[in-house]
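Presented below is the structure to which this report refers.
Since we're looking at a predicted model, the values are computed, not measured.
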Amino acid sequence: MMSVDKPRYIERGGELVIRQPLGLRDVTMYSFVLAADRDRLAALVDRDLNAPAAGAARYVPAGPFVALICADIARGQAMEEPDRSKGWMAERDVAFWIPLFAGKQVGPVFVPQRLVFYLPYVFVDNIAATVTGREIYGFPKESGIIRFPAGPGAEGCFEVDTLLIREYSSTSFGEVARLIDVAPAEPPPSEAGGWTDLEAGIGALGDRLKDLFQSDAVEATAGAALDAVLAAARPGTRLVFLKQFRDAADPARACYQAIIEAPAVVTSLHRGGWMPRHRVRVAEADSHPIVRDLGLAGAEMESLLATWLSFDFTMDRGAVVWSAQG
């Protein structure tokens, strides 16, 4: 849909912001579910989403856990012209995903209407992916040096090196250093080679995730709505973002601020399987207070469950849920 009331985007030489929707093909996604403190998650979501929206939208953590997701994207490309004809590129990204229920408050009861995921920390190895994600959707993407094993079941670790500051002070020096590393904590399960029945495997994963979702984050009277939300989320998911840009004149203000939601639609499932439990280590740094923000058990923890999945998906156009500009 054309927005005739908005100025046209000026295309310049060296432009790295690729037009959406984006087609992501041959994606291998490794997911590590981690225990987290729900009160910490709620405080983070209140700060980043609920407080700015001031009642126009409401989000609550779906449970006391997050997922650390490592995605190896073999091919990313604009789906429409003129950017489709510019070519494609690969990307690796590592992000912490917080599952949230978006819904409404009915008296003392929160009623979930849809499942969304909020990504407060995202690291990528492709500068075009960094600026496209930040400028279009509001992904808080940062550039990093990212290393993965060769594939599911292969030896090796998942590693993220990025620019960080250990301790804030006027004399502190920013350095590229290890922030995240993930390594197996046990031998691989017998079924690590892949689910023999992909649909059955996805169903089993859904059952395990549903057990994690069933927490006191949602009132018992909303159980039926919870079932409907989870069923609707299966073909893909919705992501929610805080999109903002710091003001040039007043650095304490945002010249643009909005809550954006966008669908990530799975177009094809290829393979998948279970992985062994993994040990996850997150370095402590004032620039990246991940452990504190997410309420993780500590700087080192083990995953509650781990899976891998190969698929294609589309990152579609987003919608403004709320904007400070009206």
Side-chain angles (χ1 to χ4, degrees), residues 29-51 57-70 94-105 108-122 140 158 179-180 182 185-186 204-234 237-242 274-284 288-307 309:
M29 184 175 77
Y30 307 87
S31 303
F32 307 97
V33 178
L34 307 173
D37 183 89
R38 191 169 63 84
D39 290 338
R40 289 279 192 175
L41 296 177
L44 176 68
V45 172
D46 284 345
R47 183 195 70 188
D48 293 0
L49 302 176
N50 293 328
R58 176 74 177 158
Y59 301 92
V60 302
F65 58 93
V66 300
L68 174 59
I69 292 184
C70 305
V94 175
F96 289 91
W97 293 47
I98 306 175
L100 306 174
F101 290 121
K104 61 182 179 179
Q105 200 76 26
V109 178
F110 174 79
V111 179
Q113 296 174 314
R114 60 191 181 277
L115 176 67
V116 300
F117 287 85
Y118 179 53
L119 285 61
Y121 292 96
V122 188
F158 300 84
L179 179 63
I180 299 167
V182 183
E186 61 184 1
L205 173 59
D207 289 341
R208 291 197 190 183
L209 291 176
K210 187 175 177 179
D211 289 340
L212 292 174
F213 274 79
Q214 298 282 12
S215 73
D216 60 357
V218 180
E219 295 289 342
T221 53
L226 171 59
D227 288 337
V229 166
L230 292 175
R234 186 169 180 183
T237 191
R238 293 183 67 84
L239 306 182
V240 61
F241 310 94
L242 171 64
W274 303 110
M275 297 176 66
R277 289 179 301 130
H278 276 61
R279 172 198 42 75
V280 177
R281 291 191 297 196
V282 181
E284 297 184 12
H288 296 79
I290 295 172
V291 173
R292 184 180 72 235
D293 278 353
L294 303 183
L296 301 178
E300 183 170 336
M301 70 225 81
E302 285 192 2
S303 61
L304 301 176
L305 63 87
T307 64
L309 186 64

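Taking CH2 from W97 and CZ from F32, the interatomic distance works out to 14.0 Å, rounded to the nearest 0.5 Å. How far CZ of F65 is from CZ of R38: 11.5 Å, rounded to the nearest 0.5 Å. For the atom pair CG of L100 and CZ of R58, the computed distance is 11.0 Å after rounding to the nearest 0.5 Å.
Pairing each heavy atom of V66 with each of P99, the nearest pair is CA-CD, 4.4 Å. Taking every heavy atom of both residues into account, I69 and S31 meet most closely at CG1-OG, 3.8 Å. Across all their heavy atoms, A35 and L296 have their closest contact at O-CD2, 3.7 Å. Taking all atoms of both residues into account, the shortest heavy-atom contact from L41 to A36 is CD1-CB, 4.0 Å. Taking all atoms of both residues into account, the shortest heavy-atom contact from R40 to D37 is N-OD2, 2.9 Å.
A heavy-atom distance below 4.5 Å is found between the side chains of I180 and V182. With contacts defined as side-chain heavy-atom distances shorter than 4.5 Å, the pair V60/V45 does not qualify. Looking at heavy atoms from C-beta onward, S303 lies out of side-chain contact with V33 at the 4.5 angstrom threshold.
Annotation: side-chain hydrogen bond (donor to acceptor under 3.5 Å, both in side chains) contacts of Y30 (sequence neighbours excluded): none. With sequence neighbours excluded, the residues forming a side chain to side chain contact (heavy atoms under 4.5 Å, CB included) with P120 are L44, I98, Y118, L294, listed by chain and number. D46 meets the side-chain hydrogen bond (donor to acceptor under 3.5 Å, both in side chains) test with N50; sequence neighbours excluded. For A283, the side chain to side chain contact (heavy atoms under 4.5 Å, CB included) test picks out R166, L179, with sequence neighbours left out. Evaluation of the ring-ring contact (aromatic ring centres under 6.0 Å, His included) rule for F241 yields Y137, F139 as partners, not counting sequence neighbours.
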Is there a side chain to side chain contact (heavy atoms under 4.5 Å, CB included) between V240 and Y59? Walk through the geometry before answering.
CA-CA 10 Å; V240 61; Y59 301 92; 3.6 Å; yes
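In this pair, Y121 and F96 present their aromatic rings perpendicular. The plane angle is above 60°, beyond the 30 to 60° band.
Among residue pairs with one or both ends in residues 275-284, those qualifying as side chain to side chain donor-acceptor pair (under 3.5 Å) are D181-R279, D181-R281, E186-R277, R277-E302; sequence neighbours excluded.
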